[in-house]
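One-based numbering, in listed order, for ligands and for the atoms of each. Below, all heavy atoms of this structure are taken into account, side chains as well, without hydrogens, waters or symmetry copies.
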Amino acid sequence: MKARTITGCIFLLALLSGHWSWLHAGIDIIPCPSQVQVGDGCFSVASDTAILVCGPCQEQGRYFADMLRSASGYELAVTAADMDQAAANRIMLHLDSSRSDIGREAYHLLVDSKGVMLTASTNAGLFYGLQTLRQLLPPEIESDKPIAGIKLDIPYITIADSPRFAWRGLHLDVSRHIFPVEFIKKYIDLMARYKLNTFHWHLTDDQGWRIEIKKYPLLTAIGSQRSESPLSATPDKGDSIPYGGYYTQKEIQEIVAYAGSRFITVVPEIEMPGHAVAALAAYPELGCTGGPYKVWTRWGVNSEVFCAGKDQTFTFLEDVLAEVLELFPSPVIHIGGDECPKDSWKKCPQCQQRMKDNALADEHALQSYFITRIEKYLNSQGRQIIGWDEILEGGLAPNAMVMSWRGIAGGIAAARQEHSVVMSPTSHCYLDYCQARDRTGEPPCWGGYLPLEQVYSYEPVPQELTSEQARWIIGVQGNLWTEFIATPAQAEYMAYPRAIALAEVAWSKPEHKSLARFLDSLKMQLKRLDMIGVNYRKPEGK
Ligand code: TNX
């Protein structure tokens, strides 16, 4: 095999233009792998190709066989076997936990005349290798119906690949609008294709409580229903149409398991102390005035929040979190912490008393007390908290992680205090922001202008940090807030293809990024998304 060592895809593109262009259809891998060597020739998967698995990775073998089945009609046998490198016409999956040279989510892939040899030290690594393999197969592989005479050619190639960041996130707000379980699974499937590994599920907010909590049935009986929603053209007016819904614990378990088998951690977000009106509508005694409150029918920031002066607020939240922990194995739990107006605390004698008793200088310190108290509980249960960057105000809870959204200053401050940070600034990561300057013909959207190219250009590690401090930046995340996104089709339109750009930001080494190569490879990805019915937005001029 003639092989050329190429570091990253920029060089690959150079080689592929001209003489090597025949390979192009096969090599459009996004996110761009760390190292690629391309050979001359192709291995063709046939109906008698064997999938050989070694170690406890039967499941990965079956996953790949399933991936090939619908388009080809092949029922490839998955067999536990010793890794005999000499065997031919085989796809070998080798889980070798002793390979300390292959990182936790990394993989090595070799495709040559004998077939495929995929090696990883974890099942996650194998899974990512299979996603790469999928992208090396022709886009017809995505068909859900058999294609007569389909050619399953995989170019000869050697890839060594590993992610840049540990937290590669995509968020979905299901409070402002709720989405069906089937759609959540599709959202997760798409994430997995692009090696994203963290699904941040925003389950509660002013406009709807969406998670069943057995101990507090009114959270869903009352808190999941609002009397109307804002009109998208005139959000200060309502549409007079009741809206609601929630996920049962059974559905949540199903989604968490589904994500888990795709190596995606589901991080639930239970908002506190602000964005809590839906919970207050159900249990008004948890607010400072005692209500009554109504599940909010407008967007924005509501001044009614959980009362920080009452002990029953904390009892309630700990009870809720206890059920959340049963459902979500995630080591990290998102507690919100954003946009909490302090008006009601200022007027509340119990909050003022709490401040006095604990020598808290102001209401920001009271918010810090609130978050720290919740952190203590979650830490005692073996979990860590993450919160929006407002949790820095009044002092960061000792073990908290920070999600920097109002720009990057919060992320910088937290990293300097040696706290882990996920970068998610509105400027580059807010997928609810508009994709066109001219909004004619665009669905309603929120906020500023955030084109695909700008998402792609994002560098999550701020230059202001020393290399020591930069280690605290553990990842990056795209957020999909749904005030203006009412349907699955619209959610896909806003998320894709920008989420693919974000996936490359999260996975690929910065020196391997190239907008030209990305946009070129994206064409083949979009073909695949067409085949699986994703309502993405067509990139400008394409
Ligand atoms: C700010 S991001 C919010 C959300 C909104 C979003 C709209 C954050 C922590 N809070 O409540 O939905 O802006 O872009």
Exercise for review: Check whether the ring centres of Tyr243 and His177 lie less than 6.0 Å apart, and answer yes or no.
Suggested key: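 Here the rings of His177 and Tyr243 have centres that are less than 6.0 Å from each other.
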Taking only residues two or more places apart in sequence or in another chain, which ones pass ring-ring contact (aromatic ring centres under 6.0 Å, His included) with [X]?
X	result
Tyr369	none
Tyr216	Tyr283, Phe316
Phe199	Tyr187, Trp201

Check your understanding: Any side-chain heavy atom of Trp209 sitting closer than 4.5 Å to one from Val277?
Key ->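 When only atoms from C-beta onward are counted, Val277 and Trp209 do not touch, as no gap falls below 4.5 Å.
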Would you tabulate the polar-atom pairs, meaning N/O of ligand 1 against N/O of the protein, with distances under 3.5 Å, reported to 0.1 Å?
{"unit_1": "ligand 1", "atom_1": "10 (N)", "unit_2": "Asp338", "atom_2": "OD2", "d": "2.9"}
{"unit_1": "ligand 1", "atom_1": "10 (N)", "unit_2": "Glu339", "atom_2": "OE1", "d": "3.4"}
{"unit_1": "ligand 1", "atom_1": "11 (O)", "unit_2": "Arg176", "atom_2": "NH2", "d": "3.0"}
{"unit_1": "ligand 1", "atom_1": "12 (O)", "unit_2": "Arg176", "atom_2": "NH1", "d": "2.8"}
{"unit_1": "ligand 1", "atom_1": "12 (O)", "unit_2": "Glu483", "atom_2": "OE1", "d": "3.3"}
{"unit_1": "ligand 1", "atom_1": "12 (O)", "unit_2": "Glu483", "atom_2": "OE2", "d": "2.5"}
{"unit_1": "ligand 1", "atom_1": "14 (O)", "unit_2": "Asp432", "atom_2": "OD2", "d": "2.7"}
{"unit_1": "ligand 1", "atom_1": "14 (O)", "unit_2": "Trp446", "atom_2": "NE1", "d": "3.0"}

Review point. Any sub-3.5 Å donor-acceptor pair from Thr234's side-chain atoms to Lys237's backbone N or O?
Key: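 Absent.
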